[in-house]
Amino acid sequence: MEIIRELFVLDFPVFIITAFIIISSVIFIYETIGRFSKIIGRPVKWVRNKENDHKLLINTIEEVTELKKQHEESVTQSIKHDTAIKNDLQRLTEMFIDKQIDDMRYEILDFASSLSNGRDFSKEQFDHILQIYQKYEKTLEENHMSNGQVRMSMEVIDDIYKEKLKNGFNTEM
């Protein structure tokens with residue numbers, strides 16, 4: 001109990017100031033030894049460790065910076081490649097649509113030409129050409145294109161088709 005009473009009698013401001021002075025002195029001595037050992041070229045182990053840690057931190061920062069640059073370059077290249085692929089795909093799509101339109105146009109025009117030259121066709125062949133024409137018109141509409149010479153050929157086909165519906169199809173082939 002006596003010890004506890006003496007503890008309460010202790011002057012705390014003096015104790016705190018004394019502790020502060022002791023801690024400051026230890027830090028000062030620590031720093032002085034570190035700087036002195038560095039000056040003479042024989043740093044103590046804890047100074048070397050501190051310097052090694054600092055060098056490691058600097059190297060890590062440099063490597064992270066380099067990785068960030070590489071990542072940004074990779075992203076830029078990826079965007080360029082994506083754009084090129086998108087453009088190529090668009091070009092291929094347009095080429096495919098043009099080919100599809102040309103094929104349908106040729107089939108319709110060839111059919112109309114053969115009809116005009118007197119060739120006989122079955123009802124199924126007429127129905128097929130009418131379906132091709134519907135696909136042709138739909139493809140043109142979807143791609144904001146217009147119909148020219150095929151419309152006139154379809155009028156010829158339609159007139160002959162109506163006539164064949166009235167008079168019957170020649171089934172001799």
**Item:** Atom pair OG/CD1 of Ser116 and Ile160 - distance to nearest 0.5 Å
**Value:** 5.5 Å
**Asked** Are any of the side-chain heavy atoms of Glu62 and Asn59 separated by less than 4.5 Å?
**Response** yes
**Message:** Please report the interatomic distance CG(Leu57) to NE2(His54), rounded to the nearest 0.5 Å.
**Reply:** 7.0 Å
**Request:** Evaluate the side-chain proximity of Glu72 to Leu67: yes if any heavy-atom separation is below 4.5 Å, no if none is.
**Result:** no
**Where Ile101 and Thr139 come nearest, the two heavy atoms and their spacing** = CG1-CG2, 3.7 Å
**Item:** Spacing of Leu56 atom CG and Ile61 atom CD1 [to the nearest 0.5 Å]
**Value:** 10.0 Å
**Message:** Please check if the number of heavy atoms outside Glu73 that lie under 6.0 Å from its CD is greater than 12.
**Reply:** no
**Prompt:** Taking the inter-plane angle between the rings of Phe121 and Phe126 on a 0 to 90° scale, is it parallel (under 30°), tilted (30 to 60°) or perpendicular (over 60°)?
**Reply:** perpendicular
**Request:** Answer whether the closest heavy-atom distance between the side chains of Glu137 and Met104 falls below 4.5 Å.
**Result:** no
**Request:** Group every Ile, Leu, Val, Met, Phe, Trp and Tyr by side-chain heavy-atom contacts under 4.5 Å, then state whether Val150 and Tyr106 land in the same group.
**Result:** no
**Item:** Between Asp158 and Tyr133: side-chain donor-acceptor atoms closer than 3.5 Å
**Value:** no
**Prompt:** Checking side chain to side chain contact (heavy atoms under 4.5 Å, CB included) for the pair Gln100/Lys135: CA distance, chi angles, key distance, verdict?
**Reply:** CA-CA 10 Å; Gln100 188 179 20; Lys135 289 178 187 176; over 6 Å; no
**Request:** Indicate whether the side chain of Glu94 and that of Gln90 have a donor and an acceptor atom separated by less than 3.5 Å.
**Result:** yes
**Request:** Test side chain to side chain contact (heavy atoms under 4.5 Å, CB included) on Gln134 and Lys138 and set out the steps.
**Result:** CA-CA 6 Å; Gln134 288 174 351; Lys138 182 179 178 187; over 6 Å; no
**Message:** Looking at Asp102 and Lys99, is any side-chain nitrogen of the basic one under 4.0 Å from a carboxylate oxygen of the acidic one?
**Reply:** no
**Prompt:** How close do Lys123 and Tyr161 get, heavy atom to heavy atom, and via which atoms?
**Reply:** NZ-OH, 3.4 Å
**Prompt:** How far apart are the C-alpha atoms of Leu109 and Met154, what are their side-chain angles, what is the distance that settles it, and do they pass the side chain to side chain contact (heavy atoms under 4.5 Å, CB included) test?
**Reply:** CA-CA 8 Å; Leu109 293 175; Met154 278 310 297; over 6 Å; no
**Prompt:** At what distance, to the nearest 0.5 angstrom, does OG of Ser78 lie from NE2 of His71?
**Reply:** 10.0 Å
**side-chain hydrogen bond (donor to acceptor under 3.5 Å, both in side chains) between Asp103 and Tyr136, intermediate numbers included** = CA-CA 10 Å; Asp103 289 350; Tyr136 176 77; over 6 Å; no
**Prompt:** With no hydrogens and no angle check, is any side-chain donor or acceptor of Thr83 less than 3.5 Å from a backbone partner on Ile79?
**Reply:** yes
**Request:** Can you measure from CD1 (Ile157) to NZ (Lys164) and round to the nearest 0.5 angstrom?
**Result:** 13.0 Å
**Prompt:** Atom CD in Glu107, atom CD1 in Ile132: separation rounded to 0.5 Å?
**Reply:** 4.5 Å
